[in-house]
Structures are given as structure tokens and as C-alpha cells.
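Since the structure comes first, as C-alpha cells, the remarks are kept for the end.
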Amino acid sequence: MDQDRRTPGRGPAPAVLPFDRFRDHLFHEPSLGLWLDVSRIRFGSDFFTTMEPRIQAALAEMAALEGGSIANPDEGRRVGHYWLRAPELAPEAALRAAIEETNARILSFAADVHAARVRPERAARFSRVLVVGIGGSALGPQFVASALGTPADRMQIHFFDNTDPDGIDRTLDAIGDDLGATLAVIISKSGGTKETRNGMLELEAAYRRLGLSLGAHAVAVTGEGSELDRFATKHGFLARFPMWDWVGGRTSELSAVGLLPAALQGLSIVEMLQGARETDEVTRSKEVPRNPAALLALAWYSATGGVGRKDMVLLPYKDRLELFSRYLQQLVMESLGKRLDRQGKEVFQGIAVYGNKGSTDQHAYVQQLRDGLDNFFVTFIEVLRDRAPSRGVLEVDPGVTTGDYLDGFLQGTRKALTESGRESITLTIDTVDARAVGMLIALYERAVGLYASLVGINAYHQPGVEAGKKAAQEVLDLQAKVLAALGASAGRALSLAEVAKAAGADDVETVFWILRHLAANPERGVVREVPQGGSPFDAKYRLAR
Ligand SMILES: O=P(O)(O)OC[C@H]1O[C@](O)(CO)[C@@H](O)[C@@H]1O
């Protein structure tokens with residue numbers, strides 16, 4: 001009730017909603033094959049009227065952003081991901097030309113790879129793609145690959161999206177003997193992200209073990225003049241594709257970041273771009289009931305009170321959309337999770353996002369959604385087309401298919417949640433194809449931008465992630481001092497306190513963590529000796545002889 005008092009236009013939580021409410025609020029755009037039902041968010045009858053001036057202001061800000069205003073003032077940057085699929089909207093002819101030329105180069109490069117005009121050093125042709133990237137430089141391609149990929153694709157795709165050596169080994173093992181026929185796509189906007197740099201160096205070593213060079217098997221997608229760009233030039237990469245400063249990592253799927261891997265897989269990037277472009281056209285509407293991005297942003301506002309009071313649980317009832325929640329996690333949480341608003345006031349904004357897929361999740365955490373803590377709203381995603389028509393129809397019960405079950409479970413859970421006063425949104429699409437994927441990306445990009453305007457924050461910077469990167473570097477700097485201290489002890493085992501002192505470190509806990517990690521990996525040459533019956537804090541450390 002408190003929340004209802006504080007949020008404009010909150011309504012009651014009836015167990016059974018009248019059909020009229022569904023009919024009155026159902027958005028449908030046949031040209032996109034998109035339906036959006038926000039009727040099970042508990043806004044009251046005056047909500048849209050109350051919010052109208054604010055959403056109009058948000059739409060006006062979005063129009064200014066698309067027109068080329070500095071929408072990310074903290075970084076002094078324009079925000080141009082909408083131009084990627086409508087280059088004619090770019091504020092300068094040079095930008096338009098750069099986008100068009102890059103998209104054309106992506107298509108021709110992929111065609112050259114497929115036709116073996118661009119070939120590996122020894123193998124006859126490239127048959128696999130390995131994307132090395134992290135965050136916005138991996139999540140989009142991973143989502144697209146999982147949504148649209150098939151075993152019949154022109155090239156199978158793999159990812160290094162972490163600095164986990166075991167994860168890297170696992171991916172290399174999956175590629176196996178095909179490494180010499182694998183095209184590496186190294187993606188980093190900044191060109192200096194350590195996880196990506198490490199993955200690339202691991203890959204370089206793997207090629208070297210086969211007597212091959214990284215450069216002859218790699219392309220880079222990065223900002224001009226970045227560390228990666230310079231590395232690529234020096235090592236004779238096959239090609240370099242630009243990543244512009246006016247495209248944010250989390251909105252880069254429809255730049256070379258996402259388009260190049262997709263084109264190499266043989267997916268239709270033209271249709272992906274088209275789906276996004278058409279969605280942009282629809283979501284520019286100032287008529288809120290006709291604008292699904294505005295409806296989504298307002299529904300989030302109503303559900304969360306505009307202060308992130310509820311989490312966004314994504315439940316796509318389609319295996320192909322399983323990674324959508326992971327993709328949206330970055331788009332939503334990196335955009336909205338902010339300490340300060342645009343006036344510099346402390347607001348601690350954000351909306352937490354999680355979810356995998358239905359009906360699988362019904363057998364995992366949906367119990368809590370139905371009966372437990374009411375701190376979320378669900379977004380169901382329904383896909384009307386069950387499977388490719390060529391696969392035929394199998395009845396698992398008389399007159400009932402597996403697809404009917406999937407739809408039944410979605411409707412059942414939606415109903416059960418409503419009965420226990422839990423809010424939900426339902427997005428329905430015709431099918432999962434390249435156009436629909438472009439549509440989903442564009443829809444959520446704009447909804448996030450509009451929501452950020454509604455709550456008065458900058459959606460396009462990420463000041464918070466720098467702190468962790470800086471602290472990690474400090475740990476690695478300290479590790480070097482710890483190893484030097486052990487090296488200088490002439491084989492004598494040192495206590496934790498002695499190592500910390502010799503390394504000049506006040507932070508003994510960090511020294512403990514470093515030593516514990518090094519000692520757990522015998523090949524690193526650090527020996528840990530714990531006296532009989534002693535605690536981990538009595539351990540002594542020395543370098544192996
Ligand atoms: O493309 P880059 O520069 O390697 O950055 C990867 C990711 O790292 C972040 O900067 C966060 O650390 C994301 O915003 C970005 O998508």
C-alpha cells in the first residue's frame with residue numbers, strides 16, 4: 001500500500017482482471033508481428049494521463065539524442081546507435097558514409113571468407129569463428145548466435161568471454177583440430193580491456209603451438225588508434241573494423257560488434273538491421289498507446305515506483321531466447337544502475353534483471369515468484385510459431401502438441417501470478433528470426449533510454465565499473481611485490497605477516513588471498529606449509545626450489 005501511495009496512478013491488485021483492461025491496453029503492430037500486454041501491471045486509470053508530460057519530455061529528449069545532441073554529457077559523447085540501422089539519420093554525411101561503408105565491408109568480408117578468398121595460413125578455408133570479447137563486446141553476438149544459430153550455419157561460432165583459463169581451455173578443446181581453420185574476431189571498443197587482451201594472448205599462444213600466427217587468422221573490431229588497433233596493425237590482422245565512440249558497448253550489437261560475427265555465421269544482418277529500423281520508426285511515435293517502448297518504460301515505472309523497487313524477471317518461453325535475459329542484464333543494469341542522477345543528487349537507481357526461460361524456470365524459482373517475496377515483475381515472452389512448419393505436428397496427448405504445452409504453461413503461470421497479486425508484462429512475437437531479433441534489441445534499447453529520462457539519469461555512461469578494474473590492477477601490482485618478497489627470502493619460508501611487511505603491504509588480507517591462490521596452482525612455484533594442527537593463518541610460504 002505504501003508503494004501505491006507513492007507511485008502516481010497505482011491501482012489495486014485484483015485477482016481476476018476484467019477482459020476490458022486487457023483489450024484496452026493491448027498493443028499490436030502487425031507490420032512487426034509484435035504484441036505487448038501491460039494490463040497486468042497495477043497502474044490505475046489515471047496513470048497514463050498523469051505521466052503524459054513526463055513521457056513526452058522523455059520522447060523529446062530521445063528525439064534530440066537521435067538528432068545528435070550530446071546525450072552523454074559526462075563523457076562528452078553523442079549517442080548514435082539508432083543511426084546504425086538508419087544511416088541517413090546520422091547528423092553528418094561523414095558518419096553516414098562510415099556506417100554504410102562498414103556495413104558493406106562486413107558483408108563483402110564475410111562473402112570472401114565463405115568463398116575462401118580470405119583463407120587461413122594452412123587450412124583450405126575458415127570453418128569456425130571465435131569471438132574474443134566481454135560485456136557488450138560479447139553478449140550481443142552470444143544472444144544472436146543462440147537465438148538464430150543452427151548446425152547448418154556457414155561457420156560455427158565460439159566465444160572467449162572471460163579471463164578464466166579453464167574456460168579458455170574448454171573452448172579450445174571444443175574447437176579441437178579446427179583451430180587452424182578458425183577465424184578469430186577480437187572485439188573491444190576501448191581496445192584495452194584486460195580480459196579480452198588476455199584471451200587474445202592465450203589464442204596467440206595456441207596458434208603458435210601449431211606453428212601458425214594470430215595475425216593471419218584474426219580480425220579486430222575496435223576504436224581507431226586503440227591498443228588493440230595498434231596490435232592488429234603490427235601483427236598484420238586480416239582486417240580491422242571500426243567501433244565508434246558514439247556507440248556504447250551495450251548498444252553495439254547492430255554495429256560491427258554484432259554484425260560481423262552474425263554475417264560470418266551466415267545470418268541475415270540485413271534483416272536484423274531492418275527489424276531494428278522498423279521498430280525505431282514505430283517507437284518514435286509520440287502517441288503512447290501506439291508506442292511499445294514508451295509503454296514498456298511506463299510499465300517499468302509503475303511497477304518499480306521509478307526507484308527500482310521491483311526486479312525485472314525475464315521469462316521467454318522459447319529456448320532460442322534463453323540468453324536474452326543475460327543480454328538485457330547488461331543493457332538495463334549498466335544503463336540504469338546509477339548512484340547519481342543528472343543533477344548530481346544521490347539516487348541509487350537501477351532495475352535488477354534476471355531470468356532464463358520458461359517453462360524450465362517453473363521447475364526452479366517460480367515457486368518463490370508465486371508464493372514468496374513480492375519484489376519483482378515478470379516479462380513473459382511468447383513466440384506464436386511453435387516450430388518450423390516442415391517439422392510437422394506430433395500430438396503428445398490427443399489434440400495437444402509440445403508447443404501447446406509450452407503455451408499452456410506460459411498462460412498458466414501468468415494467471416497464477418496474477419491470482420497472487422504479482423505483476424507481469426507479456427510480449428508476444430510471431431517467430432524468432434533475424435528481423436525479430438533486431439526488433440527486440442531496438443525495442444529494449446529505446447525503452448531503457450526512455451525510462452532513464454523518466455527517472456532523470458544518464459543511461460549512457462558506466463562510472464561504477466572503473467572502481468573494480470582499478471582495484472584488480474592494485475591486486476596484481478601487489479602480487480608482483482609478494483613474489484619479489486618470496487624471491488628475496490633466500491628459500492626461507494615466510495609467515496603471512498612477514499610477506500606483507502616485505503611487500504610493503506598494509507592490506508594483509510589481500511596478501512593472504514594472493515598467496516592462497518598462488519599456492520593452489522603448484523606450477524606457479526609458491527609452496528605453502530601449514531604446521532600440523534595450525535590454522536591457515538599460521539601457514540608459511542616460500543618459492544619452490
Ligand atoms: O568493448 P570493451 O571496451 O572491451 O568493453 C567491454 C565492456 O566493458 C565495459 O566497459 C564495462 O567494464 C562495458 O561497458 C563494455 O561493454
Side-chain angles (χ1 to χ4, degrees), residues 71-72 74-81 84 102 130-145 159-164 167-168 184-203 218-232 237 240-261 323-339 349-350 353 441 444-445 448-449 452 457-476:
N72 180 1
D74 301 27
E75 296 178 357
R77 287 182 186 169
R78 297 190 288 193
V79 174
H81 48 273
L84 297 168
T102 302
L130 171 58
V131 169
V132 183
I134 196 166
S137 293
L139 286 161
Q142 285 170 320
F143 163 54
V144 168
F159 294 89
F160 282 1
D161 68 349
N162 199 358
T163 183
D164 173 9
I168 288 171
V185 180
I186 320 289
I187 308 179
S188 175
K189 175 181 171 178
S190 63
T193 301
K194 293 299 183 202
E195 292 92 330
T196 303
R197 195 274 320 244
N198 295 355
M200 182 177 71
L201 295 180
E202 291 260 0
L203 186 59
V219 301
V221 180
T222 189
E224 203 184 331
S226 75
E227 199 180 311
L228 171 58
D229 199 36
R230 283 179 271 127
F231 184 97
F237 276 28
R240 290 176 295 132
F241 293 89
M243 179 56 181
W244 300 289
D245 76 342
W246 43 267
V247 178
R250 53 190 171 275
T251 51
S252 65
E253 172 48 30
L254 297 173
S255 72
V257 168
L259 297 182
L260 180 61
L323 292 192
F324 193 43
S325 56
R326 218 197 285 175
Y327 171 79
L328 285 186
Q329 221 159 35
Q330 185 200 23
L331 178 63
V332 175
M333 295 177 76
E334 207 169 59
S335 301
L336 303 182
K338 302 291 154 71
R339 183 168 71 88
Q349 271 289 357
V353 179
I441 289 168
Y444 273 85
E445 281 177 352
V448 166
I457 56 161
N458 176 356
Y460 306 105
H461 66 169
Q462 53 286 327
V465 295
E466 291 311 315
K469 289 185 195 168
K470 190 163 162 277
Q473 192 52 53
E474 284 164 13
V475 171
L476 295 171

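Below, all heavy atoms of this structure are taken into account, side chains as well, without hydrogens, waters or symmetry copies. Atoms within each ligand, like the ligands themselves, are counted from 1 in listed order. Because the structure is predicted, anything quoted here is derived from the model rather than measured.
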CZ of Arg326: more than 12 outside heavy atoms within 6.0 angstrom?
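No, CZ of Arg326 has 12 or fewer neighbouring heavy atoms, counting only those of other groups under 6.0 Å.
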
For Gln473, does the CD atom have more than 12 heavy-atom neighbours from other residues, nucleotides or ligands under 6.0 Å away?
yes

Ring geometry between Phe324 and Tyr444 (parallel below 30°, tilted from 30 to 60°, perpendicular above 60°):
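Answer is perpendicular, since the angle exceeds 60°.
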
Evaluate Ser190 for polar contact with ligand 1, using N/O atom pairs at a separation under 3.5 Å.
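Such a contact does occur with ligand 1.
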
Under 3.5 Å: N/O of Gly135 near N/O of ligand 1
no

Considering only non-hydrogen protein atoms, determine which one is nearest to [atom] and report residue, atom name and distance to 0.1 Å.
{"atom": "atom 6 (C) of ligand 1", "result": "Ile134 O, 3.3 Å"}
{"atom": "atom 16 (O) of ligand 1", "result": "Gly136 N, 2.8 Å"}
{"atom": "atom 5 (O) of ligand 1", "result": "Thr193 OG1, 3.5 Å"}
{"atom": "atom 8 (O) of ligand 1", "result": "Lys469 NZ, 4.4 Å"}

With a 4.0 Å cut-off on heavy atoms, is Glu466 in contact with ligand 1?
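False for this residue.
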
At a 4.0 Å cut-off, with the gap strictly under it, does some heavy atom of Gln330 reach an atom of ligand 1?
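Yes, Gln330 has heavy atoms under 4.0 Å from ligand 1.
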
Counting only heavy atoms, tell me which of Gln462, Arg250, Glu334 gets closest to atom 13 (C) of ligand 1.
Glu334

So if I count the atoms of ligand 1 from 1 in the order they appear, which ones are less than 4.0 Å from some heavy atom of Val465?
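With Val465 as reference, the close atoms of ligand 1 come out as 11 (C), 12 (O).
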
All salt bridge (charged side-chain N to carboxylate O under 4.0 Å, His left out) counterparts of Glu227, not counting sequence neighbours:
none

Measuring from Asn72:CG to Gln462:CD, what's the distance to the nearest 0.5 Å?
8.0 Å

Check whether Ser226 reaches the backbone of Thr222 with its side chain - one donor and one acceptor, N or O, closer than 3.5 Å.
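No; judged by distance alone, with no hydrogens or angles, the pair does not exist.
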
Is Lys470 paired with Glu474 through a side-chain N to carboxylate O contact shorter than 4.0 Å?
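Here Glu474 pairs with Lys470 in a salt bridge, since their nearest N and O are under 4.0 Å apart.
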
